[in-house]
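Below is one structure, written out as structure tokens; the observations come after it.
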Amino acid sequence: QVQLVESGGGLVQAGGSLRLSCAASGRIFGINDMGWYRQALGKQRELVAVITGGGSTDYADSVKGRFTISVDYAKNTVYLQMNSLKPEDTDVYYCNAEVRLDNDGTTWHGWGQGTQVTVSS
């Protein structure tokens, strides 16, 4: 059984920084992809940043230059460093991962419970 647990959200003033963490636990053979998505009330969930097992990253245009995704493979943990936060970054942020459960192609894909980020103006 794989679980994703996010932490690090909170309230911050515009221009400030937060670092989100998402720890994957369970019988994990390896990580294919881990990423962060966000969803505000009444809006669709959107990609913020993703990192592959090969280290490639992709970011939403709205966060490029401000957010950085990284992963600690030893800890099966992905981070999202958020700098120069803006009020429009206020959202619930969700961790997403695709992990390998063995070396035969079995994968698990799921979501964390979400962590609230609120940026005041």
Side-chain angles (χ1 to χ4, degrees):
Q1 185 175 359
V2 177
Q3 296 184 74
L4 303 176
V5 179
E6 300 113 324
S7 62
L11 175 64
V12 66
Q13 290 184 310
S17 298
L18 287 171
R19 189 167 92 150
L20 306 183
S21 299
C22 174
S25 63
R27 296 181 64 86
I28 299 171
F29 183 81
I31 296 172
N32 288 338
D33 304 276
M34 296 190 79
W36 290 94
Y37 293 71
R38 63 188 182 186
Q39 184 173 24
L41 183 64
K43 297 182 179 180
Q44 296 184 354
R45 190 170 297 184
E46 64 178 358
L47 172 70
V48 177
V50 63
I51 187 167
T52 71
S56 298
T57 59
D58 194 23
Y59 297 90
D61 288 342
S62 60
V63 307
K64 287 181 179 178
R66 300 189 298 120
F67 291 10
T68 303
I69 189 169
S70 61
V71 62
D72 184 338
Y73 291 105
K75 297 181 179 180
N76 291 327
T77 299
V78 65
Y79 304 93
L80 185 68
Q81 179 66 46
M82 304 186 294
N83 298 326
S84 301
L85 283 162
K86 303 175 180 179
E88 50 263 45
D89 295 319
T90 295
D91 273 316
V92 177
Y93 285 70
Y94 295 90
C95 177
N96 173 264
E98 181 182 282
V99 304
R100 299 187 300 278
L101 304 181
D102 54 39
N103 61 359
D104 296 320
T106 305
T107 61
W108 176 93
H109 184 271
W111 297 87
Q113 82 286 352
T115 185
Q116 176 70 49
V117 171
T118 302
V119 184
S120 62
S121 60

Quick one: does [X]'s side chain get under 4.5 Å of [Y]'s, heavy atoms only?
| X | Y | answer |
| --- | --- | --- |
| Asn83 | Thr68 | no |
| Thr90 | Gln116 | yes |
| Trp108 | Asn32 | no |

query: Counting only N and O atoms by type, is there a donor-acceptor contact under 3.5 Å from the side chain of Tyr73 to the main-chain atoms of Gly53?
result: yes
- request: Examine distances only and state if a side-chain atom of Thr106 and a backbone atom of Leu101 form a donor-acceptor pair shorter than 3.5 Å.
  value: no
task: Begin with the C-alpha distance, continue with both residues' side-chain angles, and end with the deciding distance and a verdict on side-chain contact (heavy atoms from CB on, under 4.5 Å) for Asp89 and Arg66.
output: CA-CA 11 Å; Asp89 295 319; Arg66 300 189 298 120; 2.8 Å; yes
message: Does anything in residues 2-121 form a disulfide (SG to SG under 2.5 Å)? List the pairs, not counting sequence neighbours.
response: Cys22-Cys95
task: Run the numbers on Asn96 and His109 for side-chain contact (heavy atoms from CB on, under 4.5 Å), then give the verdict.
output: CA-CA 7 Å; Asn96 173 264; His109 184 271; 3.0 Å; yes
If you take all heavy atoms of [X] and [Y], which pair is closest and at what distance?
| X | Y | value |
| --- | --- | --- |
| Ala14 | Pro87 | CB-CD, 4.1 Å |
| Met34 | Val71 | SD-CG2, 4.2 Å |
| Leu4 | Ala24 | CD2-CB, 3.4 Å |
| Thr107 | Glu98 | CB-CG, 4.1 Å |

Roughly how far apart are [X] [atom1] and [Y] [atom2], rounded to 0.5 Å?
| X | Y | atom1 | atom2 | answer |
| --- | --- | --- | --- | --- |
| Ile51 | Asp58 | CD1 | CG | 11.0 Å |
| Gln44 | Gln39 | CD | CD | 8.5 Å |
| Lys86 | Ser121 | NZ | OG | 14.0 Å |
| Ser21 | Gln81 | OG | CD | 9.5 Å |

Answer yes if [X] and [Y] sit in the same cluster of Ile, Leu, Val, Met, Phe, Trp and Tyr residues linked by side chain heavy atoms under 4.5 Å apart, and no otherwise.
| X | Y | answer |
| --- | --- | --- |
| Val48 | Val12 | yes |
| Val50 | Val99 | no |
| Tyr79 | Leu20 | no |
| Ile31 | Ile69 | yes |

message: So if I apply the salt bridge (charged side-chain N to carboxylate O under 4.0 Å, His left out) rule between Arg38 and each of Glu88, Glu46, Glu6, which one comes out positive?
response: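 Testing Arg38 for a salt bridge (charged side-chain N to carboxylate O under 4.0 Å, His left out) against Glu88, Glu46, Glu6 leaves exactly one candidate, Glu46.
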- prompt: Parallel, tilted or perpendicular for Tyr37 and Trp111, by the 30°/60° rule?
  reply: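 Tyr37 vs Trp111 ring planes: perpendicular.
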query: Only one of Leu85, Leu18, Asp91, Leu11 forms a side-chain contact (heavy atoms from CB on, under 4.5 Å) with Val119, so which one is it?
result: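 When side-chain contact (heavy atoms from CB on, under 4.5 Å) is applied between Val119 and each of Leu85, Leu18, Asp91, Leu11, only Leu85 qualifies.
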message: Taking side-chain contact (heavy atoms from CB on, under 4.5 Å) as the criterion, tell me which of Val63, Leu47, Leu80 meets it with Trp36.
response: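 Of the listed residues Val63, Leu47, Leu80, the side-chain contact (heavy atoms from CB on, under 4.5 Å) partner of Trp36 is Leu80.
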- prompt: Hey, are Lys64 and Asp61 close enough for a salt bridge, meaning a charged N less than 4.0 Å from a carboxylate O?
  reply: yes
